[in-house]
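Right, one structure below, let's go through it.
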2 protein chains.
Amino acid sequence: MRKVRLADVAAVAGVSMKTVSNVVHDYPHVTPEMRRKVQQAIDELGYKPNLTARRLATGKTGMIALAIPEIDHPYFSELSRYIAEEASARGYRVLVEQTLSNPAAERAVLNDREAGVVDGVIFHPVSMNSMEVARLKRDVPVVLLGESTMPVTADHVMIDNVVAAQEGVAHLLAQGRRRIAFLGVVEGDVTGSTDQRLLGYQQGLVDARMPLDPRLILSVTDFTPEESARAVREALAAGLGFDGLVCRDDRFATGALYALRTAGVGVPEDVAVVGWDDTELGRWATPTLTSIAPDKRELAATALQLLGERIDGYQGIGRHRIVSHSLIVRESAPLAAAVLSS
Amino acid sequence: MRKVRLADVAAVAGVSMKTVSNVVHDYPHVTPEMRRKVQQAIDELGYKPNLTARRLATGKTGMIALAIPEIDHPYFSELSRYIAEEASARGYRVLVEQTLSNPAAERAVLNDREAGVVDGVIFHPVSMNSMEVARLKRDVPVVLLGESTMPVTADHVMIDNVVAAQEGVAHLLAQGRRRIAFLGVVEGDVTGSTDQRLLGYQQGLVDARMPLDPRLILSVTDFTPEESARAVREALAAGLGFDGLVCRDDRFATGALYALRTAGVGVPEDVAVVGWDDTELGRWATPTLTSIAPDKRELAATALQLLGERIDGYQGIGRHRIVSHSLIVRESAPLAAAVLSS
DNA sequence: GACCGAGCTTACAGCGCTGTAAAAAAACTG
DNA sequence: CAGTTTTTTTACAGCGCTGTAAGCTCGGTC
């Protein structure tokens, strides 16, 4: 059984192809009788428009790519969900491109070898710094996500990481914590993605006239809970005293909670922990994790808004949008009152 | 600056379009000199082949859709990752279609209104039963995932849920647990997706000549940790005694751990808990979660294998493949020896 | 040296749809 | 009712690429 084409429907209905096309698209100027005749032929033949052909003719694909490091990391999977929902609401489908933090894969996202796949790209780089991103000029509109500084030439959506980290630190200080550590700086991280958060952490301490102790900045070799657990375990073993911990993300916090628990350190009694991203991982951790929560829905909506404008032809300079965040207080770092009363 | 087309390259290189096409595709019978000339023209003009046009000409899109209920559920996001990797290894890109468990959205996956978007679909239905799936006949090849029974007409990949659940129960019995509960049957779940697991749970008890107590089967109203926590909390409040718990997935187990902890019930001392899916959520839970682990990589590889064969024209009857699973033992339900020694 | 076949290259007709411009039909108008 | 305007329908040229079949080269053969 051969594929049914627009021309077949036209032949059966005894009208031109264009009229069939008009019916398919609900074009207003079609007489009811025509519409009926055509619709009947469509139903009879089981006609389904071929999107590839439509795309070739119109030059629009109705698809956007979402390029993220790893889809199974809670922050990215939750973000994907919102992006998918927002995209769907705007009539786009989402092609997920997993870069696995691989520089070559990331470069390929911007420097793509082929055209006509998607109308735009939402890209969260991790292995490229701002200059590299700026250098690769791409034909298709791009909106960047992520914490690191991005070229002024490109659209970019993020939360105010410095302020958020300051708030995290302030929250711990308000509980009377005095030795607050930061976990973790990732070795070889070229994006400076953690820098903003680290900066905010330091700023938060300075604001409160607290000393900065470089030993309180824990570093890790990669982005895994295993590594963060290792870093915390070693810090404890080395006798590093701390009563508060701000983590660069919930996965790090999760590893930290594990290390603290197995070392017999109480959370929040001995150490209060603040995570970042407010993922499901933290919502059900033990203790449940206080976390800095980017407004993911707003992030997704903003990214799609900017991308949509670019797709529609906006040519201006890069827009940099800050979306809101909040501190979700849970057990790992409760409100001051809760600690006092315990 | 206009788009560069194959014809433009051909004109600059002074050859035919087809020769350029042959160079782009690394077709062997092209003389080195031609290849050089053409390549130079390609580089000079910055030519990028238009995939939409290629797709129209070849009739292949090189894309597959992955239709899952919710991308941010750990099991699905982890599965997505493997599917994406396997697909990428086979030269396919993945279009993620989130059905949100919505019957209309699921029906749309099979009954699609348009052609030429993807070459095949990997679909994990949750709101359709076997008969409905069978009824909707689709033009594009489909491979089904998921625990429920599926029509013999379609390809289907799953683990042996009955055996896996039996093993979970056996593991608990080996520790001396005698009152083992099952969490949870989802009200209004038409797929029977949980049925296999429940069946295995019952079979496991029967195998050991243990009594079946219907009160030990906890039901929930939806697929959230909140709901499972509620169900466990109420069971405890109602005085339901149990010392083992098999959960239909890690998210339920996560909610259960929370409810048990807040009720002061020790895990694993008082109740040993087995989850399902072996997600990151359980790997870092407190206590770390013993879980039934489908081999997700094998699942993804098998699904893509079957789908690839269908795309390549295989027309035979539905294949039903069982992929392997294992029980990952962690703290929430340790080995018998570990319990005895504690 | 005419002929042959293998190796390269080319011309061109689609793939299925939409945009444009023009034709045809219908609806007004005075 | 001829002339004008408006609405509806049509014909057809692309969109950019690939497959096919035919044409051209050129070294090897007898």
Side-chain angles (χ1 to χ4, degrees), chain A residues 1-39 41-42 45-63 112-119 139-140, chain B residues 1-39 41-42 45-63 112-119 139-140:
Chain A
M1 184 184 94
R2 221 186 114 64
K3 282 252 129 109
V4 183
R5 292 165 0 268
L6 200 55
D8 303 326
V9 177
V12 168
V15 301
S16 74
M17 280 168 57
K18 188 66 220 241
T19 297
V20 178
S21 172
N22 286 341
V23 170
V24 169
H25 287 279
D26 270 327
Y27 178 74
H29 303 301
V30 179
T31 55
E33 203 217 337
M34 275 277 141
R35 194 181 297 281
R36 196 196 47 69
K37 240 184 0 187
V38 171
Q39 190 58 54
I42 287 177
L45 298 174
Y47 169 70
K48 295 174 184 181
N50 180 312
L51 274 242
T52 299
R54 178 131 90 206
R55 286 170 183 171
L56 181 58
T58 60
K60 306 245 110 204
T61 67
M63 300 219 295
D112 61 352
R113 307 254 95 248
E114 33 206 31
V117 183
V118 294
D119 294 339
D139 308 320
V140 130
Chain B
M1 185 183 92
R2 223 188 112 62
K3 281 250 130 105
V4 182
R5 291 164 2 267
L6 201 56
D8 303 325
V9 178
V12 169
V15 300
S16 76
M17 279 168 58
K18 189 63 218 239
T19 296
V20 177
S21 172
N22 286 340
V23 170
V24 169
H25 286 279
D26 270 328
Y27 178 72
H29 302 302
V30 178
T31 54
E33 202 218 338
M34 275 278 140
R35 192 180 300 280
R36 196 194 49 69
K37 236 179 10 181
V38 171
Q39 189 58 54
I42 288 177
L45 298 174
Y47 169 70
K48 295 174 184 182
N50 180 313
L51 274 241
T52 299
R54 177 130 93 208
R55 286 169 182 170
L56 181 58
T58 61
K60 305 246 112 203
T61 67
M63 300 219 296
D112 59 352
R113 306 254 97 248
E114 31 204 34
V117 183
V118 294
D119 295 336
D139 308 319
V140 130

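Letters go in sequence order (proteins before strands), and every chain restarts at 1.
Among the atoms of the strands shown, only primed sugar atoms or phosphate atoms (P, OP1, OP2) are found under 4.0 Å from some heavy atom of T58(A).
For the pair S21(B) and dT18(D), the criterion of a side-chain N or O lying under 4.0 Å from OP1 or OP2 is met. Look at Y27(B) and you won't find any side-chain N or O under 4.0 angstrom from OP1 or OP2 of dG7(C). Residue T52(A) places no side-chain N or O under 4.0 Å from the OP1 or OP2 atom of dC15(C). The phosphate of dT9(D) (OP1 or OP2) has no side-chain N or O of S16(A) nearer than 4.0 angstrom. Contact annotation: H29(B) does not reach the phosphate of dG7(C) (side-chain N/O to OP1 or OP2, under 4.0 Å). An OP1 or OP2 oxygen of dT18(D) is reached within less than 4.0 angstrom by a side-chain nitrogen or oxygen of H25(B).
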Could you go step by step and tell me if V24(B) and R54(B) meet the side-chain contact (heavy atoms from CB on, under 4.5 Å) rule?
CA-CA 12 Å; V24(B) 169; R54(B) 177 130 93 208; 4.3 Å; yes
R5(A) vs D8(A), side-chain contact (heavy atoms from CB on, under 4.5 Å): CA-CA, chis, key distance, verdict:
CA-CA 5 Å; R5(A) 292 165 0 268; D8(A) 303 326; 3.3 Å; yes
Worked check of salt bridge (charged side-chain N to carboxylate O under 4.0 Å, His left out) between D119(B) and R55(B)
CA-CA 11 Å; D119(B) 295 336; R55(B) 286 169 182 170; over 6 Å; no
Report the C-alpha separation of V23(B) and M34(B) in whole Å, then their side-chain angles, then the decisive distance to 0.1 Å, and conclude whether the side-chain contact (heavy atoms from CB on, under 4.5 Å) test is met.
CA-CA 9 Å; V23(B) 170; M34(B) 275 278 140; 5.8 Å; no
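Per the geometry, CZ belonging to R35(B) stands 10 Å off P belonging to dC8(C), to the nearest Å. Between M17(B) atom CE and dG16(D) atom C1' the separation is 7 Å, expressed in whole Å. Separating the CG atom of L51(A) from the P atom of dC15(C) is a distance of 18 Å, rounded to the nearest angstrom. The nearest whole Å value for the distance from the CZ atom in R54(B) to the C1' atom in dG16(C) is 19 Å. Between L6(B) atom CG and dC15(C) atom P the separation is 19 Å, expressed in whole Å. Here dG14(C) presents its P atom at 11 Å from CZ of R5(A), a figure rounded to the nearest Å. Here dT18(C) presents its C1' atom at 10 Å from CG of N22(A), a figure rounded to the nearest Å. Straight-line distance from the NZ atom of K60(A) to the P atom of dG19(C): 12 Å, rounded to whole Å.
Where L56(B) and T31(B) each meet DNA chain C at their nearest nucleotide, the meeting point lying more 5' is that of T31(B).
Distances were taken from every side-chain heavy atom of V15(A) (C-beta onward) to each of dC17(D), dT10(D), dT9(C); the shortest belongs to dT10(D). Comparing dT18(C), dC17(D), dT9(C) by their closest approach to the side chain of V30(B) singles out dT9(C). Each of dT10(D), dC15(C), dT10(C) was ranked by its minimum atom distance to the side chain of A57(B); first place goes to dC15(C).
The only option from T52(A), V117(A), L51(A) that meets the side chain to side chain contact (heavy atoms under 4.5 Å, CB included) definition with T52(B) turns out to be T52(A).
For K18(B) and dG19(D), a side-chain-to-base donor-acceptor distance below 3.5 Å is present, hydrogens and geometry of angles not being considered.
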